[in-house]
Amino acid sequence: MCSTISKRMLGLTQKNSAVREMFEEGNRLAKLYGRENVYDFSIGNPYFPAPERVSSAIHEVLENEAVNYVHGYMPNAGFPDVRQAVAESLNKRFETSYSSANVIMTVGAAGGLNCALQTLLDPDDEVICFAPFFLEYGNYIANHGGRLVIVPAGASDFQPDAEALRKAISPKTKALIINSPNNPTGVIYSEETIKKLAAVLEEKQREYSHPIFIISDEPYRELSYDGAVVPWLPSFYRNTIVGYSWSKSLSLPGERIGYLLIPSEVEDFELVFSAASISNRILGFVNAPSLIQLAVAKCLDERTDIASYDTNRKLLYNGLTALGFDCVYPQGTFYLWMKTPCDDKEFAQLAKKYNILVVPGASFACPGYVRIAYCVGSDTIRGSLPGFEKLAKELGL
Ligand code: PLP
């Protein structure tokens with residue numbers, strides 16, 4: 001039977017995102033019991049506000065720049081001065097020599113990933129992701145006719161396994177999406193891991209005589225703790241495209257602002273860059289939002305309140321492990337990845353009894369765990385611990 005909307009979209013309307021579902025459940029429970037009695041750890045919506053400098057930068061732009069410039073069209077890749085400022089800030093940090101010619105301003109990380117995937121994929125090309133991963137990747141890959149290939153989680157440290165990658169690569173493999181610091185595990189992929197993955201990719205590129213790209217999705221790059229270093233992937237693998245966003249690092253998810261960094265070394269650089277700029281246009285973004293582009297260019301050294309996230313991290317990890325739960329100690333992001341003593345979906349249901357909302361690991365292609373987003377006020381964490389304690393007792397911990 002012919003339906004009004006496409007079969008794919010029909011399928012998606014019937015399969016709501018588990019994160020969004022929990023988030024909506026949180027809003028429902030808040031109406032019933034009061035927001036302060038609901039412990040909503042479902043969504044990665046930053047709790048700590050954007051640094052004050054963001055607001056003053058927006059005002060400066062509005063006061064000092066011509067209105068037609070601030071609100072006008074621009075090259076699809078974004079304002080050249082903004083792209084140059086982004087390139088220079090990366091050069092300072094990573095000893096690189098990028099320029100505006102390597103940067104495309106995008107509509108958040110999601111917009112950038114879609115541009116990168118549209119640039120690279122032909123129908124049925126394969127894109128590899130390591131479980132657990134941000135499940136929207138599957139939708140983004142499907143948007144451009146690609147096929148998602150999942151490499152299951154290996155060792156308990158959640159570092160990707162290079163040998164498992166080798167087995168997953170086929171002549172159809174076009175790209176690999178890497179996300180470190182990782183949503184949902186909070187793990188930072190080590191230099192050693194990256195080197196091993198790069199070696200396998202080099203070998204396979206030679207074997208199949210075509211490039212295999214790493215798309216490095218880095219919205220959490222700035223959210224690392226204890227001085228942990230997040231390796232800069234283009235230094236380890238030539239065909240790397242970096243996707244970044246200020247959604248988390250400046251608490252601006254609704255502003256939809258990020259960038260793609262395409263190093264000049266990538267194979268067929270000019271073609272790739274030009275295709276990704278066109279993609280920004282034809283996906284309907286046209287360009288990243290103009291006012292916030294100009295504002296973030298003034299805030300490149302600003303960071304969100306990492307110290308408060310760190311306080312939350314310790315409070316939650318210490319609280320849960322003291323109750324007997326088995327958790328991965330996060331090195332970055334604002335997510336805690338916890339093993340469930342029962343089925344993960346059942347655990348998430350049980351937790352709701354205590355007004356605690358967490359996301360089952362199955363939503364990240366990794367059952368047996370839940371993700372607890374601690375981008376909340378520390379009172380929410382403190383308030384949730386008695387409920388977790390009851391859950392632990394109920395589950396025999
Ligand atoms: N990639 C990962 C791993 C994420 O966790 C998110 C958002 O939570 C995104 C991409 C999308 O980020 P943005 O809001 O910048 O599009």
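Side chains included, hydrogens not; waters and symmetry mates left out as well; all remaining heavy atoms used. Counting from 1, the numbers follow the sequence of the chain as shown.
Under the 3.5 Å distance criterion, with hydrogens and angles disregarded, a donor-acceptor pair is assigned to the side chains of N182 and T185. With 3.5 Å as the limit, one finds a donor-acceptor pair spanning the side chains of N114 and N143.
The two residues H144 and L283 make their nearest non-hydrogen contact at CE1-CD2, 3.7 Å. Taking every heavy atom of both residues into account, I215 and A116 meet most closely at CD1-CB, 4.1 Å. C115 and S279 get closest at one heavy-atom pair: CA-OG, 3.3 Å.
When the side-chain hydrogen bond (donor to acceptor under 3.5 Å, both in side chains) test is applied to E203, the partners found at least two apart in sequence or on another chain are R166. T240 pairs by the side-chain hydrogen bond (donor to acceptor under 3.5 Å, both in side chains) definition with nothing, not counting sequence neighbours. Taking S264 as the reference, N102 meet the side-chain hydrogen bond (donor to acceptor under 3.5 Å, both in side chains) condition, with sequence neighbours excluded. For N239, the side-chain hydrogen bond (donor to acceptor under 3.5 Å, both in side chains) partners two or more places apart in sequence, or in a different chain, are Q205. Partners of Y244 according to the ring-ring contact (aromatic ring centres under 6.0 Å, His included) rule, which considers only residues two or more places apart in sequence or in another chain, are W246, Y259.
By the 4.0 Å N-to-carboxylate-O rule, K172 lies too far from D122 to be salt-bridged with it. Taking 4.0 Å as the cut-off between side-chain N and carboxylate O, E192 and K195 do not count as a salt-bridged pair. The residues K174 and E126 are annotated as not salt-bridged, no charged nitrogen and carboxylate oxygen being separated by less than 4.0 angstrom. Taking the charged nitrogens against the carboxylate oxygens, E24 and R28 have no contact shorter than 4.0 Å, which rules out a salt bridge. Taking 4.0 Å as the cut-off between side-chain N and carboxylate O, K353 and E394 count as a salt-bridged pair. For the pair R53 and E60, the salt-bridge criterion is met [side-chain N within less than 4.0 Å of a carboxylate O]. Salt bridge annotation for E88-R83: absent, with no cationic side-chain nitrogen under 4.0 angstrom from a carboxylate oxygen.
Atoms CG and CG, on N183 and D217 in that order, are 9.0 Å from each other to the nearest 0.5 Å. Annotation: the span from Y220 atom OH to I188 atom CD1 amounts to 13.5 Å, rounded to 0.5 Å. Of the inter-residue distances, the one linking Q118 atom CD with I282 atom CD1 reads 4.0 Å to the nearest 0.5 angstrom. The line from OG of S245 to CG of L113 is 9.5 Å long, rounded to the nearest 0.5 Å. N37 contributes atom CG, which lies 15.5 Å from atom OH of Y354 (distance to the nearest 0.5 angstrom). To the nearest 0.5 Å, atoms CG (L10) and OG1 (T4) are separated by 9.0 Å.
In this structure, the ring of Y317 has its center no less than 6.0 angstrom from the ring center of Y374. Between Y335 and F41, the ring centre distance reaches or exceeds 6.0 Å.
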Discussion item. side-chain hydrogen bond (donor to acceptor under 3.5 Å, both in side chains), that's the test. Do T193 and S190 meet it? Break it down for me.
Written reply: CA-CA 5 Å; T193 297; S190 68; 3.0 Å; yes

Discussion item. Run the side chain to side chain contact (heavy atoms under 4.5 Å, CB included) test on I194 and L233 for me, step by step, so that the C-alpha distance in whole Å, both residues' side-chain angles and the decisive distance to 0.1 Å come before the verdict.
Written reply: CA-CA 7 Å; I194 301 298; L233 264 66; 3.9 Å; yes

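With contacts defined as side-chain heavy-atom distances shorter than 4.5 Å, the pair L336/R371 does not qualify.
Within the structure, ring pair (Phe, Tyr, Trp, His ring centres under 6.0 Å) contacts touching residues 282-315 (residues at least two apart or in different chains) are F48-Y309, Y309-F334.
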